[in-house]
Amino acid sequence: MKIVHHGAKTGVTGSCHELIVGDNSLLVDCGLFQGKEARETLDIEFDIKNIAALLLTHSHIDHIGRLPWLLAAGFSGPIYATEATAALVPLMLEDGLKIQLGLSNKQCEAALALIHQRIRPVPYDCWAQIVLPTGELVKIRFRPAGHILGSAYIEIKLPTNEIVVFSGDLGPKNTPLLTDPIAPTVAHTLIIESTYGDKPHHQLEHRQRVLKQIIERSLQDGGAIIIPAFSVGRTQELLFDLENIIAEVDVDPNEDQTIKRVWQRLPVILDSPLAQKVTEEYRYFHELWAKEAKQRRYMGRHPLAFEQCITIDSHADHIKLVNRLQHSGEPAIIVAASGMCSGGRVVNYLKALLTDKRTDVIFAGYQAQGTTGRALVDGEKVVRIDDKVIDVAAQIHQLSGYSAHAAQEDLVSFVADIEQGPQVIKVVHGDLEAQTALANALRKVKPEATVIIAASE
Ligand SMILES: [Zn+2]
């Protein structure tokens with residue numbers, strides 16, 4: 001058995017790992033290289049003739065984005081994914097291919113039709129069998145990873161009974177919407193992500209309280225509250241917390257009556273077509289929710305589709321709403337993509353409302369260098385959006401606790417909880433510092449394991 005990393009070896013994008021078993025191999029993810037890791041060509045540069053199947057850990061574009069190019073290169077095997085990932089892949093790819101890569105409708109439809117034919121949804125926690133061309137059997141099992149809806153780590157049982165585990169992206173523990181990842185019982189070899197391998201614990205516990213405080217302070221002078229958010233994961237977590245704030249304020253006997261009235265009338269506007277479709281999938285797959293989220297649903301609440309949550313569909317309605325908020329200054333929360341303000345409908349809100357000092361912008365995620373989001377978080381007083389120079393009068397806030405990635409502590413406990421093994425751990429999907437920090441921490445909890453840093457291989 002041998003593992004070759006075709007992506008996410010020295011960075012966090014382009015995830016693609018090949019597990020070679022004798023004359024055949026399995027490919028785990030086929031993601032797009034993004035940001036500073038973006039490549040000139042998207043063509044698949046490795047030999048694909050022995051790849052028997054593709055396994056997908058989750059539907060983020062840096063894990064599935066090169067799928068159309070894999071198919072174009074002649075890959076004709078099945079594609080295995082959880083049921084929720086299988087539902088999200090077409091949505092995420094359509095958005096990514098058209099918007100980021102400029103593919104035509106026809107090219108997009110052709111790729112999606114092929115994927116639809118090949119995809120084999122497998123429920124969580126069930127072993128599926130893959131028969132290799134040699135007649136040998138490989139078993140695979142998807143287990144909850146707690147990162148986004150449908151995300152999984154994958155256990156692969158080889159014909160030798162050796163178990164190889166690919167972590168995919170792991171989520172933090174104790175998030176209210178998705179279940180926590182539970183470590184595998186046995187792993188002989190583990191390939192683990194390290195995005196936040198050098199980062200301390202996320203402040204998840206207080207995030208809802210802090211969100212409420214920021215919103216209440218922002219509402220004192222009226223105006224819009226803009227929350228730029230990724231369409232998958234972040235948007236749903238924010239809606240989930242906002243619904244809970246509204247529900248709790250409503251029944252709290254100690255809450256100020258004025259504040260109660262403000263919350264009862266406050267519109268929460270979801271203005272992002274992709275985020276809307278993804279939210280529908282989150283609602284459809286409610287069986288995958290964590291206990292707390294399920295309980296709220298059984299109580300008759302609608303954590304992701306509550307009364308005050310208004311969705312905007314057409315572009316014309318979107319523009320109408322931007323203009324209305326610009327002229328009325330009425331209070332409203334707007335959740336819109338993209339999360340780093342580098343595209344999507346949130347850009348129009350920023351162009352119209354950043355100059356108004358009543359406006360508040362709440363960032364709930366990491367902002368990469370060079371994005372409008374980063375400039376605002378850094379306190380720039382003038383930003384350039386679509387060649388328009390804008391004076392920033394709005395208040396900018398940063399909120400922690402909404403990360404979709406496990407921090408070092410979560411990653412270490414995931415590995416420490418493995419009862420048998422691993423003998424070999426390969427740290428991938430992180431920059432060199434994160435990989436090194438995680439590797440050092442893992443050596444302490446699994447002293448008998450050989451820990452390899454992919455970035456320095
Ligand atoms: Zn991811």
Side-chain angles (χ1 to χ4, degrees), residues 5-17 27-35 37-38 54-67 79-82 84-93 95-96 100 124 142-154 165-173 175 177-181 191-197 199 202 229-238 274-275 278-279 281-282 285 288 337-340 342 364-368 402-408 410-411 414 427-431 434-435 438 454:
H5 309 288
H6 299 300
K9 188 176 172 179
T10 54
V12 295
T13 71
S15 265
C16 188
H17 312 285
L27 201 63
V28 177
D29 291 338
C30 196
L32 196 68
F33 290 96
Q34 293 172 298
E37 296 170 302
L54 169 68
L55 320 179
L56 300 177
T57 60
H58 64 290
S59 59
H60 270 148
I61 211 75
D62 60 323
H63 290 255
I64 63 163
R66 284 215 287 172
L67 229 165
I79 302 165
Y80 292 89
T82 64
T85 294
L88 289 175
V89 162
L91 302 180
M92 301 299 286
L93 265 184
D95 188 75
Q100 295 181 34
Y124 278 112
F142 294 95
R143 311 287 310 275
H147 173 59
I148 57 167
L149 183 76
S151 65
Y153 68 85
I154 310 175
V165 175
F166 286 86
S167 77
D169 287 359
L170 292 170
K173 280 191 174 169
T175 56
L177 186 51
L178 294 178
T179 52
D180 290 348
I191 291 79
I192 188 164
E193 66 120 334
S194 60
T195 318
Y196 288 159
K199 296 284 184 297
H202 306 299
F230 299 117
S231 299
V232 54
R234 196 71 40 89
T235 290
Q236 293 74 32
E237 299 239 336
L238 283 161
L274 176 63
V278 172
T279 305
E281 297 299 339
Y282 266 77
F285 287 101
L288 303 177
S338 74
M340 298 192 202
S342 43
Y366 170 75
Q367 304 299 315
Y402 283 89
S403 174
H405 279 280
Q408 189 190 73
D410 302 311
L411 294 166
F414 179 81
V427 182
V428 297
H429 200 286
D431 58 31
Q435 290 193 15
L438 181 64

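Fair warning: this is a prediction, and the values are worked out from it, not measured in the lab. Numbers here simply count residues along the sequence, with the first being 1. When a ligand or atom number is given, it counts from 1 through the structure's own listing order.
For the Zn ion (ligand 1), protein N, O or S atoms under 2.8 Å: 4 in total.
Separating the OG1 atom in Thr82 from the CG atom in Leu88 is a distance of 8.0 Å, to the nearest 0.5 Å.
Scanning for side-chain hydrogen bond (donor to acceptor under 3.5 Å, both in side chains) contacts around Asp62 gives an empty result, with sequence neighbours left out.
Checking His58 against Thr85 by side-chain atom types alone, no donor-acceptor pair falls below 3.5 Å.
Using cut-offs of 30° and 60° on the angle between ring planes, the pair His147 and His405 is tilted.
Here the two rings, on His63 and His429, have centers that are under 6.0 Å apart.
Remark: side-chain polar atoms of Thr57 are not paired, donor with acceptor, to backbone N or O of Ala152 under 3.5 angstrom.
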